[in-house]
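Heads up: the structure comes next, in structure tokens.
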Amino acid sequence: MKKIVVFLFLMCALPSFNYAWGGKGHKIVAIIAKNCLDKQVLDSIQKYLGVMSFEDASVWMDEVRGEQAYDYLKPWHYVNVEKDKTYVKTKDPEVVNEIEIAISTLKEKGVRDKDRINFALKVIFHLIGDIHQPLHCGYAEDKGGNKIEVQYMGKASNLHKVWDSEIIEDAGITLNDCLKLANTLSANEKKKMQTNHVEVWMNEARELLPEVYNFETKIKQDYIDKNKPVIEKQLVRAGIRLAMVLNETFKR
């Protein structure tokens, strides 16, 4: 197990709700995962994605949000758990359940249906990113921060949008930042990242909510500076865990 973890991190050292992480964040997650995959796994996944790149797969669920045929996907991006409550498993279409269903699809034995695997991959690529954005595991009362109006960098915005994309863009978070971070994580943090329990990922993101909401009406520079490394760490976690799922389900 130790050899697998070390190898994973050596590989990584290589170069309505709003959208979680925005396109830039989702693509960072996808590229981190891609750099962590075994060559055989990478080739197999690309076969099922066809002409679609990993980056394109990571944003597909957001790109089809405006198409009525895909309205059923909208609840898949998030889960609501009220303050001071714990997650209770249901059969509702929400991010925890849909990740688990997609993973089960990828683990199916026998002849794989290309269209089903293609769809499950696009779901996995996107939703593993979503579940690591704390406000996609937030509170129904404010629609995951969408109803929390804020002043951000001199303009009107909302808390969800700030976390989806604005801090990533304005703080200059890059793929290289995230890859560097992967190599500075403690042994305990690396070990914790290896869990494939989706509820653990969700609860981990929810633990960040008190600090997410720790601001006044204006989002100030100290808030951005404080949460830039938090966002980087969540993107790294998402990329590492996406790679873990893909390696486990496609390795032969």
Side-chain angles (χ1 to χ4, degrees), residues 16-26 28-29 58-66 70-100 102 123-153 155-171 173 198-219 223-224 226-228 230-235 237-238 241-242:
S16 78
F17 279 70
N18 289 325
Y19 302 168
W21 297 134
K24 182 176 179 180
H26 275 294
I28 286 174
V29 171
S58 74
V59 296
W60 178 83
M61 286 188 72
D62 281 342
E63 291 181 341
V64 299
R65 288 169 74 105
Y70 294 104
D71 281 352
Y72 72 97
L73 297 177
K74 290 180 179 178
W76 293 22
H77 294 258
Y78 62 92
V79 62
N80 292 320
V81 182
E82 293 304 339
K83 295 178 184 178
D84 303 319
K85 301 292 184 182
T86 56
Y87 175 79
V88 177
K89 192 76 170 174
T90 69
K91 294 184 179 180
D92 295 339
E94 40 91 339
V95 67
V96 175
N97 286 337
E98 299 306 330
I99 291 174
E100 291 177 345
V123 169
I124 284 288
F125 269 65
H126 188 80
L127 295 189
I128 288 181
D130 277 358
I131 203 171
H132 286 81
Q133 207 275 49
L135 288 165
H136 276 248
C137 309
Y139 315 132
E141 63 185 10
D142 63 25
K143 293 188 176 180
N146 277 288
K147 293 175 68 175
I148 305 294
E149 297 179 358
V150 299
Q151 285 292 315
Y152 178 82
M153 305 290 283
K155 64 179 184 292
S157 187
N158 67 69
L159 186 60
H160 195 106
K161 186 176 181 181
V162 166
W163 273 78
D164 271 358
S165 57
E166 290 181 333
I167 292 178
I168 290 177
E169 292 293 341
D170 294 322
I173 293 174
V198 183
E199 287 186 39
V200 170
W201 306 347
M202 181 269 297
N203 285 319
E204 200 175 63
R206 282 182 58 79
E207 290 173 1
L208 301 173
L209 288 174
E211 285 303 315
V212 172
Y213 283 88
N214 187 20
F215 67 96
E216 298 178 357
T217 305
K218 292 184 178 179
I219 299 292
Y223 181 93
I224 297 171
K226 184 176 183 179
N227 287 296
K228 176 184 177 181
V230 175
I231 291 174
E232 289 173 342
K233 188 170 184 178
Q234 287 301 99
L235 293 172
R237 283 171 166 165
R241 287 165 174 168
L242 173 57

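Side chains are part of it too, since the values below use all heavy atoms of this structure and drop only hydrogens, waters and symmetry mates. Residue numbers count from 1 along this sequence.
If you take CG on Asn203 and CD1 on Ile131, they are separated by 9.0 Å, rounding to the nearest 0.5 Å. Within the model, atoms CG of Leu209 and NZ of Lys83 stand 9.5 Å from one another, a figure rounded to the nearest 0.5 Å. Taking CD1 from Ile219 and CG from Asn227, the interatomic distance works out to 8.5 Å, rounded to the nearest 0.5 Å. Between atom CD of residue Glu199 and atom CD of residue Glu100 there is a gap of 6.5 Å, rounded to the nearest 0.5 Å. Remark: Lys147 NZ to Tyr139 OH distance equals 15.5 Å, nearest 0.5 Å. Atom-to-atom distance recorded for Leu127:CG and Ile99:CD1 is 5.0 Å, nearest 0.5 angstrom.
For the pair Arg65 and Leu73, the minimum side-chain heavy-atom distance is 4.5 Å or more. Taking the side chain as every heavy atom from C-beta outward, Val150 and Tyr223 never approach each other to under 4.5 Å. Under the 4.5 Å side-chain criterion, counting only non-hydrogen atoms from C-beta, Asn97 is in contact with Lys89. Side-chain contact between Thr86 and Val81 is absent, with no heavy atoms from C-beta onward closer than 4.5 Å. By the 4.5 Å heavy-atom criterion applied to side chains, Pro93 and Glu98 are counted as neighbours. Trp163 places a side-chain heavy atom less than 4.5 Å from the side chain of Ile231. You'll find the side chain of Met61 reaches within 4.5 Å of the side chain of Val123, heavy atoms only.
Distance alone, capped at 3.5 Å, places no donor-acceptor pair between the Gln234 side chain and the Gln133 backbone. A donor-acceptor pair under 3.5 Å is absent between the side-chain atoms of Gln151 and the main chain of Thr217, judged by distance alone. Under the 3.5 Å distance criterion, the side-chain polar atoms of Arg237 are left unmatched by any main-chain donor or acceptor of Glu204.
Between Asp164 and Lys161 there is no salt bridge, since none of the side-chain N atoms of the basic residue sits less than 4.0 Å from a carboxylate O of the acidic one.
Tested against His136, the residues His160, His77, Glu94 include a single side-chain hydrogen bond (donor to acceptor under 3.5 Å, both in side chains) partner, His160. Remark: of the listed residues Asn158, Leu159, Ile224, Ile224 is the sole one forming a side chain to side chain contact (heavy atoms under 4.5 Å, CB included) with Tyr152.
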What do the steps show when you test Lys233 against Val230 for side-chain contact (heavy atoms from CB on, under 4.5 Å), and what is the final call? CA-CA 5 Å; Lys233 188 170 184 178; Val230 175; 5.9 Å; no

Glu211 and Leu208: side-chain contact (heavy atoms from CB on, under 4.5 Å), yes or no, with the steps? CA-CA 6 Å; Glu211 285 303 315; Leu208 301 173; 5.9 Å; no

Using the side-chain contact (heavy atoms from CB on, under 4.5 Å) rule, take Asp62 and His26 through it: C-alpha gap first, then chi angles, then the decisive distance, then the call. CA-CA 10 Å; Asp62 281 342; His26 275 294; 4.1 Å; yes

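For Tyr70, the ring pair (Phe, Tyr, Trp, His ring centres under 6.0 Å) partners at least two apart in sequence or on another chain are Trp60.
With a 6.0 Å radius and a threshold of 12 heavy atoms from other residues, nucleotides or ligands, Lys155 has its NZ atom above the threshold. Counting heavy-atom neighbours within 6.0 Å of Glu82 CD, excluding the residue itself, gives a total above 12.
In terms of heavy-atom proximity, Ala205 sits nearest to Pro134 at O-CB, 3.5 Å. Shortest non-hydrogen contact noted between Ile173 and Ile28 is O-CD1, 4.2 Å. Shown here for Ile167 and Lys228, the closest heavy-atom pair between the two residues is CG2-CA, 4.4 Å.
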